[in-house]
Engineer: 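Sending over a structure as structure tokens; questions will come in a sec.
Residue numbers start from 1 in every chain, and the chains themselves are labelled A, B, ... in the order their sequence lines are given, proteins ahead of strands.
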Protein chains: 2
Amino acid sequence: MDQLLKKINSVYPLTNDSLNQLIVKMKPIELPKHKILAEAGQVGRSVYFIEKGIARAYCEGRENQVTFWFGLEGDFVFSYNSYINGRPGYESIELLENSLLYEIKDDVLQTLFQENIELANWGRKLAELELMKLEERYIARLFKSASECYQELLNTSPLLIRRIQLGYIASYLGVTQVTLSRIRAEIR
Amino acid sequence: MDQLLKKINSVYPLTNDSLNQLIVKMKPIELPKHKILAEAGQVGRSVYFIEKGIARAYCEGRENQVTFWFGLEGDFVFSYNSYINGRPGYESIELLENSLLYEIKDDVLQTLFQENIELANWGRKLAELELMKLEERYIARLFKSASECYQELLNTSPLLIRRIQLGYIASYLGVTQVTLSRIRAEIR
DNA sequence: TTCATTTTTTAACATTTGTAAAAAACTGCA
DNA sequence: TGCAGTTTTTTACAAATGTTAAAAAATGAA
């Protein structure tokens, strides 16, 4: 809960009143490893906050599955297309560990945005920060080789690499698992 | 102007009053080809709307320059990191044609967001839609080969390819110009 | 602990893409 | 029109990554 409050305020500082309006709507929920939080082709009706656990977002290709996002403690989880357009998402989101989340229903959140200008600006900032993070990843991929991206992950999120299997990380880096193995062999 | 109004309302429908508050702050401005709208390392203090023209956003690498976004008529232009965090942007943004833009100063826009809940939600939606577009591009790159991405561009934005030189398009697609030439030769 | 299953690594070979340099095509201006 | 500069294509070769399959290592349940 503490982590949640800190995160909310770090997105955009809120008065106590507004903060309360938001957090009373966020319900703790424990879910097991492998649970699917959002399924491609379906409309996800909730946003989650990860208090404890890991999630990954992936898309199904013809033959392969591509993982393109990991969420760790302190991250919000949403299926963008569902959250933003109310349309079926492209991606599925799966828990990789038994997790403790906070859930808020999408319609509840939208109502808060309509009624409270502070929360509307909070929601704006939340989207903007997600945009920023995605742009950073997008640009990093344009410039850096898979090897450099991997080494950066090693430095910035060593936990991630220890907790997530390499096949997922390889696809996140945009290479095959064989290539990631080669990269790891070179570094050693 | 017409195009601008339509775009604003397509992001998030506004009452006439709110719409007016926004558009009176947007000033038309004509700028020549090669004009730099935002420079990497600097804080950009304006958001632009492209009424007529083309822009590209790019980052400087050690040896190369990578173009990662094109803006056409109907697009908003911002240096994300400046707009979102008020920090120096990673990217430079350059006009590729003589252009007609509408400009709004960032502080003016921020003030509107604080005062008008409709505009705050409009700003939220604007960021969300940008996020959505970026995610689509991000995912497309994970699944599609440069050749497929190029052919999609040919279908969805043939104008873009006619108006922009291939070196920029190649780097946008994440390949060298030589590779893009090979792709084009194969298609013919 | 043991065994079956899953995950990771290694190997050999095919394919794709990059690099550098030259040729060809295009553009804009005098 | 003609010419200089820019952009695009082509070529030959090098380097990186993918594919397939098998071996090795790690994991989890009985």
Engineer: Over how many whole Å does the gap from A:E186 atom CD to C:dA11 atom P extend?
Structural biologist: 13 Å

Engineer: When all nucleic acid strands are considered with a 4.0 Å heavy-atom cut-off, which category describes B:R182: base, sugar-phosphate, or nothing?
Structural biologist: base

Engineer: Distance check needed: C:dT6 C1' versus A:Q165 CD, whole Å only.
Structural biologist: 8 Å

Engineer: Could you state the interatomic distance from CD1 (B:I104) to OH (B:Y48), rounded to the nearest 0.5 Å?
Structural biologist: 12.0 Å

Engineer: Using a 4.0 Å heavy-atom cut-off across all strands, classify A:A185 as base, sugar-phosphate, or nothing.
Structural biologist: sugar-phosphate

Engineer: From the 5' end of DNA chain D to its 3' end, which nucleotides mark the outer limits of contact with chain B, defined by a 4.0 Å heavy-atom distance cut-off (strictly under)?
Structural biologist: D:dT7 to D:dA12

Engineer: CZ of B:R141 versus P of C:dT17: gap in Å, rounded?
Structural biologist: 13 Å

Engineer: Assuming nearest nucleotide by heavy-atom distance, tell me which of A:V175 and B:Q177 is located more 5' along DNA chain D.
Structural biologist: B:Q177

Engineer: Considering only NZ, NE, NH1 and NH2 on the basic side and carboxylate oxygens on the acidic side, decide whether A:E51 and A:K6 come within less than 4.0 Å.
Structural biologist: no

Engineer: Looking at C:dT17, I'd like to know if its phosphate oxygens (OP1 or OP2) sit under 4.0 Å from a side-chain N or O belonging to B:T179.
Structural biologist: no

Engineer: I need the CG-P distance between A:L180 and C:dT10, as an integer number of Å.
Structural biologist: 12 Å

Engineer: Quick one: label A:V178 by what it contacts on the DNA or RNA (base, sugar-phosphate, nothing), any heavy atom closer than 4.0 Å.
Structural biologist: base

Engineer: What is the separation between atom CG on B:L173 and atom C1' on C:dT17, rounded to the nearest whole Å?
Structural biologist: 14 Å

Engineer: Within the 4.5 Å heavy-atom criterion, are B:Y102 and B:K27 side-chain neighbours or not?
Structural biologist: no

Engineer: Flag this pair as yes if the NZ/CZ of A:R56 is under 6.0 angstrom from the six-membered ring centre of A:Y168 and inside a 45 degree cone about the axis; otherwise no.
Structural biologist: yes

Engineer: List the residues meeting side chain to side chain donor-acceptor pair (under 3.5 Å) with A:R87, not counting sequence neighbours, and say none if there are none.
Structural biologist: none

Engineer: Looking just at side-chain N and O atoms, do A:S92 and A:E39 make a donor-acceptor pair shorter than 3.5 Å?
Structural biologist: no

